[in-house]
Amino acid sequence: MTPPDPLRPQAAREAPRLPWWREAVFYQVNVRTFQDSNGDGVGDFPGLTARLPYLAGLGVDALWLQPFYPSPRRDDGYDVADYRDVHPEYGTLDDLRAFLQEAHRLGLRVVADLVLNHTSDQHPWFQAARQGPENPFFPWYVWSETGQEYAGARRLLGGAETSNWAWDGQAGKYYWHRFFAHQPDLNYDHPPVRETMLDVVRFWLDLGLDGFRVDAVPFLYEREGTGCENLPQTHAYIARLRTLLEREYPDRVLIAEANQRPQNLLAYFGGPGAEEFQMCFNFPLAAQLFVALARGDARPLRALLEQLPTPPCGGGWANFLRNHDELNLRMVDPADVQVLHAHYGADPRAALYGGLRRRLAPLLGHDPRRLALAQMLLLALPGTPFLYYGDEIGLGDDLSLPDRFGLRTPMAWSAAAGAGFSPAGTLTLPLAPGWPQVNVERQEQDPASLLHRVRAFLHLRRRHPALRTGETRFLDTAAPGLLAFERTAGEEQVLMLVNLGHVESAFELPAPRLDLDRGGWLEGHVTVPAGEVLTLGTMP
Ligand code: NOJ
Ligand code: CA
């Protein structure tokens, strides 16, 4: 090791560099619904590449691409039929390479979904396996003569599937599936499955991806007498995956989709010598944010944030408001579930799998102020924020579409481009109602638009390290709806006053503060209108 250079005392004082994903803002996007380039009505990689300047200008740092692999798309691509290619409607591997190159040139990192737990029933591995026990691929899946095993495993898609076993007439046996019956689970007890999936990971990292959002993590292994979730074998396999990254691809990231209670979630960061994910999606926070917004009460949210454990091993929380799935309410108190359904579930079609299948904008009544507040809060909280495409313009959803497709509405770019999307696989995806008003072009022209506010806050976050990496301290407020917290990094401190309530609230500033958002100094008694945010900096 080189001894420290006494002539460079500056260097010795430099704070250790944080990994890139700790300071980044992620933007979740589905290639299928973002931008079509060839007029077939389906989004594609050349289209997404053409929109990269928009994303770089928005001020996000990384993209999460939902599955873009060949697939019958009965679960929007989470039913993979080939792990090493691009769906032909989205383009070619070369189109993906060109996209990655351009994203990297613009300073954007790219992670993609990695669907480890299951394949499509159309995957050649399953097609071979169904030929029966003589076929070498038979042990790649989980089979049963009776369909009675693992009775302790809950059904994740209650309502859509009646059992975790499905009968396969060709094999003359039952096969195991945690999700839809057309998504047979891979058998991780079979060594070739474990090794092949690690090779799939290498394939994409060699191509230049910066990491993965790993789908359905808790369900990789099954054991009799358990709930078949979070098993030690699953943790051991993830630790192997992490070791592969550390040894062969440093600086890439693994993000866990594990919709679990905090204690079980924490285990997915791993421990010393057996690290697992760098980030886990913060499902408990997402639900609580909507409870706070519905009740107009910030106190339970503050309690959750203060009690949230610090992830071990240098890990971090991946915070989000909405994504492409229903708002899951499994971890919400029954009294709050009732409030949420009463507040957000006015349309009975919104209810799905015990949660609510709605995008951010309809949940918040299409109110630009509350939409800005929710996204500014997300961007200011400790953790790594993930935005869902379209939320920056308040894109609507479409409850007439089946399952969760209604909250995967195509990005609306302009009032003229309405016909841009039509047949997508087996589904027709019209633009969300309201697109003639809610689109990028229109909001670009209006300096008071949601898009301008969200973009301005993203850039403000970039200028203020305290908002990205600062220590967080919550302050007492007299108004139940007012959330007040300070983020401090070195000399810099930013005070956030977020009024989740339905009435104007007051706050006593201990010292003069600069309004970082609107400019000007504030001191003493300040009032925060309902649904408004004040972002206040210290004296330079
Ligand atoms: C979680 C994904 O987010 C969801 O959309 C999908 O249906 C399941 N995993 C199964 O892959
Ligand atoms: Ca296309």
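Owing to the predicted nature of the structure, the values given are computational and were not obtained by experimental measurement. Remember, it's 1-based here, ligands and their atoms both numbered in the order they're listed.
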Under 6.0 Å between ring centres, would you say that holds for Trp64 and Phe281? yes
Determine whether the aromatic ring centres of residues His190 and Tyr141 are separated by less than 6.0 angstrom. no
Would you say Asp36's side chain and Gly41's backbone share a donor-acceptor pair under 3.5 angstrom? yes
At less than 4.0 angstrom from any atom of ligand 1, which residues have a non-hydrogen atom? List them by chain and residue number. Asp75, Tyr78, His118, Phe179, Arg213, Asp215, Glu257, His324, Asp325, Arg404, Arg408
Mind checking whether Trp317 and Phe283 have ring centres under 6.0 Å apart? no
Aromatic centroids of Phe219 and Trp176 separated by under 6.0 Å: no
Among Asn323, Asp398, Asp397, which residue meets the side chain to side chain contact (heavy atoms under 4.5 Å, CB included) test with Arg359? Asp397
Test Arg408 against every option in Asn30, Asp325, Asp403 by the side chain to side chain donor-acceptor pair (under 3.5 Å) rule and name the one that passes. Asp325
Below 6.0 angstrom between ring centroids: does that apply to Phe68 and Phe45? yes
Do the numbers put Arg51 on top of the ring of Trp413, so that NZ or CZ is under 6.0 Å from the six-membered ring centre and no more than 45° off the axis? yes
What is the total of protein N/O/S atoms that are closer to the Ca ion (ligand 2) than 3.0 Å? 5
